[in-house]
Amino acid sequence: MRVSKLFFQTFREAPADADIVSHQLMLRAGLIHQIAAGIFDFLPMALRTKHKIEDIFREEMDAIGGQEVTLPVVHPAELWQKSGRWYQIGSDMARFKDRNDRDMVLGMTHEEIMADLAKKYIKSYRQLPTMLYQIQTKFRDEPRPRAGLLRVREFTMKDAYTFDRDEAGIDAYYPHFYQAYFNIFRRSGIDVVAVKSDTGMMGGRMAHEFMALTDIGEDTLVLCDACGYSANRQVATFRKPEPPAAAPARLEEVATPNVTTIEALARFLNIAESETAKAVFMVADIDQPDGAVKEQFVFCIVRGDMELNETKLTNAIKARRLRPATTPEIQAIGAEPGYGSPIGIQREQVLLLVDDLAARSPNLVAGANRAGYHVRNTNYGRDYTADLVVDLVAASDGHACPQCGEAIHTARGVEVGNIFKLGTKYSMAMGATYLDEKGDEKPIVMGSYGIGSGRLMAVIIEMLHDDAGIQWPITVAPYQVLLVSLATEKTPDVTAAAEQIYAALLEAGVEVLYDDREERAGVKFNDADLLGIPIRLTVGAKGLKNGIVEGKLRRNGEMFEFAVDAVVEKVCALVAAEIERINATAVPVPFEDK
RNA sequence: CGGGGAGUAGCGCAGCUUGGUAGCGCGCUUCGUUCGGGACGAAGAGGUCGGAGGUUCAAAUCCUCUCUCCCCGACCA
C-alpha cells in the first residue's frame, strides 16, 4: 500500500474529547473515527489490525475444535423472552419493532440464538461435545460508553459456545479455552492474568476473566505474588484475621456527638476500627416466588475495619438490583444514619446480614440508633441475630491470601476476555436437549467464551506505545514493514530504488506500507513513529550512496544496515524473527481450578 | 439517572464579561524556494458559531428550552 493512496490522515493534536492514550493514538494515527458515543468507524489500517486479531481468534478456536458460524445481529424478541432476559435486561438492550409490529432486538450476545441452533441440530450424545463460534457485531446500549474503543456500544466480539453432555464434559473442555485464551492474548503481544470472576447475570458455575493489568482498568483485581492467587475483587476472598477472644461485656451507651463515621468513632473513643461494627443500609430488588419484584430493606453489619462488597451481598440475597437506602428509609426501620446498629430496630422489616468476621468479633462498638450515641460491647448472638451470616466484605491490600496466607495486593485491570461455564440455563429455556445412551432426554450443558476485538486492539495500544506513538506487535500490526522513501526531485535514483524495493517486498509476500509521499523526512519519520509499524526501512540518498538501506525496529529503536541487493532477504528474516519472538510467548499455562 | 465540563472551519483554540464586518495555529489547494526527525515565502479555499424560540434596530455574544459529546459516579455477558 502506498501512503499517498491510503485513506487516512495523521493529526498532530488529538481531539479534545480523547482522554486515554489508546484513544488519542488511534485518532491521531487515523485508525478510527467516532460517529456517536461508543460508535466508531474503523478506517483501513484499524481494520487490518482487527482482521489480524480475528485471524488469531480463528486459529486458536479452530485448534480446539471450534467451527465458525455467523448468527444474525437482529433477533426476534421471542427467543429472548424464552430465556427471560427480555424481561431481566433493561435499556442496555436495544429493542424495536419490525414493519409487522413484531418485537425485535439487537443482539447483545448470542446464548439464546446458539441454544436455539443447538436445539435444532443436536439430537444425540454422539454429536457432543461440539463448539461453535462467531466473530460478530453486538450492540449494548451502555449507560456510559467511554475511553475510545475500551467501552463502546457497538462492538465486534468473538463469542464461542460449547455444548457438552454433562458437567464433566464442560469441565474437560473449559481448560482448553483457558489455554487458548492465553495463546490469543500472548500472540497479540500482551500478557494477561486470569482471575476468577462473578458469574453475574449470565448465571453459571465457574467463570474466569482475562485481565490486562493497566491503571486505566475499570476492574480491581486481587493478586497474591506468593502463590499466584488471583480474583476479581467482586468475588475475591481472603483469610480473615482471628478476632480476639473476650467474654461478652455489658452493653453500655456512650455519648458520641457528631461522630458519624467509623474513622471518627475509632479516634473519638481511642480504639481500633476493628473494634467497631459498621452498619450499611441498602435497598434490594428481590424476585418473589410469584414472579413479582419486591423492594427489600437490607441491613448489613461488617466490622469497622472492613468494607462491604456489594457483589457478595447481591449474590448472598440473590438480589436483582441494589442501591443505597435513603435517610427516610433508614429512619423508617428505626435506625439512624451515622449511628446505626441492629439493636432495637424494626427487625421484621429488614433483611439482616452480618459478615462472619463481625459475628465472631466480641464487644464491638455499634450505633445506638439515636443521633449522638453509640453502644459499647455489642455481641452477635446475644444482642441481635441475623437472617444470614456470610462473607460480605471486600478483600483489600494487605489482607491474607485465602490460599497461602501471604499478603495480597490489588491492581487495576481491563477485562479483555471471559470464559463461563453456563450450565443448562439457556439449553433448558430454549429446549436444547439430546438423548443419551439410554435414550434419556438430557439438557445440553453450555459454556460461553467471549473476546472483544476492538477492546483488545485498544488494550494492545494502551500497553505498547511510547510518547511518539504506537508500537504494534508484528502479529497484529496493520503492516509489517514501513518503507520510507526520502526521495526528492533531485534524487530520482532514490525513488527508483524505493520503488524497486517496494515491488520486491510485495513480491516476497511482505506486508509493506510504502511512504511515497512528497513530504519532508521529519514528517515521514514522525508519522512512522505514530503509526507504529514494527519495522521501518529508510531509503535515502545518504544510505544509497553506500549501497545500503537502513532498518529500524519501532519497539526498541534497534538499527540495521541492509545491503540494497540483500534487503528483501534480510527483511523477510527480520519479520520472521519478530513473529517468532511473539509467538514464543504462547506457552502452556497450568489451569488452576481455583 | 446524579454531579461536573464542553459544543465557533477537518483538528486544536480565541472571540462571549461590555451585542455592531467571525478570527488565530495546524491541516487542505496553487506557485516558488527548500529537502535525513513535523521548512520558508506568496496567494487561496473552507464556518447554518449544535438546534429551536425569545429580547433587540442588530445576537457567536443576553434570556428560555432542547440536542449532542466528554469526565466522575451509578450501571456493565
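First the proteins, then the strands, lettered A, B, ... as listed; each starts at 1.
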Legend entry - B:C49 and B:U8, which share atom name P, separated by this distance in whole Å: 11 Å
Inset, instruction - Report which part of the nucleic acid A:Gly90 touches: base, sugar-phosphate, or nothing (heavy-atom distance under 4.0 Å, all strands). - result: nothing
Inset, instruction - Give none if B:A9 has no partner; otherwise give the nucleotide forming a Watson-Crick or G-U wobble pair with it, both distances under 3.5 Å. - result: none
Inset, instruction - Name the nucleic acid region contacted by A:Arg323, choosing base, sugar-phosphate or nothing; use a 4.0 angstrom heavy-atom cut-off, strictly under. - result: nothing
Legend entry - Length of the CZ-C1' vector between A:Arg520 and B:U34, whole Å: 6 Å
Inset, instruction - Provide, to the nearest angstrom, the distance between the CD atom belonging to A:Glu218 and the P atom belonging to B:C71. - result: 10 Å
Inset, instruction - Rounded to the nearest angstrom, tell me the gap between atom CG in A:Asn526 and atom P in B:G38. - result: 7 Å
Inset, instruction - Figure out the CE/C1' separation between A:Met108 and B:C75, and round it to whole Å. - result: 11 Å
Inset, instruction - Please work out if A:Ala14 contacts a base, only the sugar-phosphate, or nothing of the nucleic acid, heavy-atom cut-off 4.0 Å. - result: sugar-phosphate
Legend entry - Aromatic ring pairing A:Phe210/A:Phe182, orientation class (parallel under 30°, perpendicular over 60°, tilted between): perpendicular
Legend entry - Of the listed nucleotides B:G10, B:G12, B:G36, the one nearest the side chain of A:Phe11: B:G10
Inset, instruction - Name the nucleic acid region contacted by A:Phe155, choosing base, sugar-phosphate or nothing; use a 4.0 angstrom heavy-atom cut-off, strictly under. - result: base
Legend entry - Rounded distance in Å between the C1' positions of B:C28 and B:G12: 16 Å
Inset, instruction - Using a strict cut-off of less than 4.0 Å between a Lys/Arg side-chain nitrogen and an Asp/Glu carboxylate oxygen, indicate whether A:Glu111 and A:Lys425 qualify as a salt bridge. - result: no
Legend entry - Rounded interatomic separation in angstrom, taking CD from A:Glu13 and P from B:G27: 11 Å
Inset, instruction - Salt-bridge test for A:Arg2 and A:Glu499: reply yes if a basic N is under 4.0 Å from a carboxylate O, no otherwise. - result: yes
Inset, instruction - Between B:G15 and B:G50, how far apart are the P atoms? Round to whole Å, please. - result: 15 Å
Legend entry - Separation between the P atoms of B:C71 and B:C57, rounded to whole Å: 44 Å
Inset, instruction - Would you mind classifying the nucleic acid contact of A:Asn418 as base, sugar-phosphate or nothing, using non-hydrogen atoms under 4.0 angstrom? - result: base
Inset, instruction - Report yes or no: is the cationic atom of A:Arg95 (NZ for Lys, CZ for Arg) closer than 6.0 Å to the six-membered ring centre of A:Trp86, at no more than 45° off its axis? - result: yes
Inset, instruction - Report the residue from A:Phe177, A:Tyr133, A:Tyr161 that forms a ring-ring contact (aromatic ring centres under 6.0 Å, His included) with A:Tyr449. - result: A:Phe177
Legend entry - Per A:Glu310 side chain, nearest of listed nucleotides B:G36, B:C75, B:C26: B:C75
Legend entry - Nearest-0.5 Å distance, CG of residue A:Asp164 to OH of residue A:Tyr173: 8.0 Å
Inset, instruction - Starting from C1' on B:G73, measure out to CD on A:Glu142 and report it in whole angstrom. - result: 15 Å
Inset, instruction - Taking only Lys NZ, Arg NE, NH1 and NH2, and the carboxylate oxygens of Asp or Glu, determine whether A:Arg85 and A:Glu112 approach each other closer than 4.0 Å. - result: yes
Inset, instruction - Can you tell me, in whole Å, how much space there is between the C1' of B:U48 and that of B:A22? - result: 13 Å
Legend entry - Check: B:G37 base within 3.5 Å donor-acceptor of A:Lys552 side chain: yes
Inset, instruction - Just call it for A:Pro15: base, sugar-phosphate, or nothing, with non-hydrogen atoms closer than 4.0 Å on any strand. - result: sugar-phosphate
Legend entry - d(CG, A:Leu27; P, B:G27) in whole Å: 19 Å
Legend entry - Selection from B:G27, B:G12, B:C35 that lies nearest to any side-chain heavy atom of A:Thr488: B:C35
Inset, instruction - State plainly whether the residues A:Asp466 and A:Arg554 are in salt-bridge range, i.e. N to O under 4.0 Å. - result: yes
Inset, instruction - With RNA chain B as reference, determine whether A:Gly450 or A:Ala468 sits nearer its 5' end, using the nearest nucleotide of each. - result: A:Ala468
Inset, instruction - Return the nucleotide paired to B:A39: Watson-Crick means purine N1 to pyrimidine N3 with N6-O4 or O6-N4, wobble means G-U with N1-O2 and O6-N3, both under 3.5 Å. - result: B:U33
What does the list of N/O pairs under 3.5 Å between the protein and nucleotides 3-9 of chain B look like, with a distance for each?
none

Inset, instruction - For B:A60, give its Watson-Crick or G-U wobble partner with both distances under 3.5 Å, or none. - result: none
Inset, instruction - Tell whether A:Glu550 reaches the base of B:G36 with its side chain through a donor-acceptor pair below 3.5 angstrom. - result: yes
Inset, instruction - Please find out if less than 6.0 Å separates the ring center of A:Tyr174 from that of A:Tyr178. - result: no
Legend entry - Spacing of A:Ile32 atom CD1 and A:Met457 atom CE [to the nearest 0.5 Å]: 8.5 Å
Inset, instruction - Determine the sole option in A:Arg28, A:Arg517, A:Arg536, A:Arg12 for which the salt bridge (charged side-chain N to carboxylate O under 4.0 Å, His left out) test with A:Asp527 is passed. - result: A:Arg517
Inset, instruction - For B:G23 and B:U66, measure between their C1' atoms and round to the nearest Å. - result: 29 Å
Inset, instruction - Check whether the side chain of A:Arg28 and the base of B:G12 form a donor-acceptor pair under 3.5 Å. - result: no
Which atoms of nucleotides 67-69 of chain B (N or O only) lie under 3.5 Å from a protein N or O atom, and what are those distances?
{"from": "B:C69", "atom 1": "OP1", "to": "A:Ala37", "atom 2": "N", "distance (Å)": "2.9"}
{"from": "B:C69", "atom 1": "O3'", "to": "A:Gln34", "atom 2": "NE2", "distance (Å)": "3.4"}
{"from": "B:C69", "atom 1": "O2'", "to": "A:Asp17", "atom 2": "OD2", "distance (Å)": "3.0"}

Legend entry - Between B:U30 and B:G36 - C1' atom distance, rounded Å: 27 Å
Inset, instruction - Kindly say whether the aromatic ring centers of A:Phe281 and A:Phe299 come within a distance under 6.0 Å. - result: yes
Inset, instruction - Could you tell me whether the phosphate oxygens of B:C72, OP1 or OP2, come under 4.0 Å of any side-chain nitrogen or oxygen in A:Arg144? - result: yes
Inset, instruction - Please figure out whether A:His23 or A:Glu519 has its closest RNA chain B nucleotide nearer the 5' end. - result: A:Glu519
Legend entry - Base partner of B:A74, which must satisfy Watson-Crick or wobble distances under 3.5 Å: none
Legend entry - A:Lys570 to A:Phe560 six-membered ring, cation-pi geometry met (6.0 Å, 45°): no
Inset, instruction - Let me know the distance between CD of A:Gln88 and P of B:C75, rounded to the nearest Å. - result: 17 Å
Legend entry - Gap in Å between the two C1' atoms, one belonging to B:G47 and one to B:A42, rounded: 24 Å
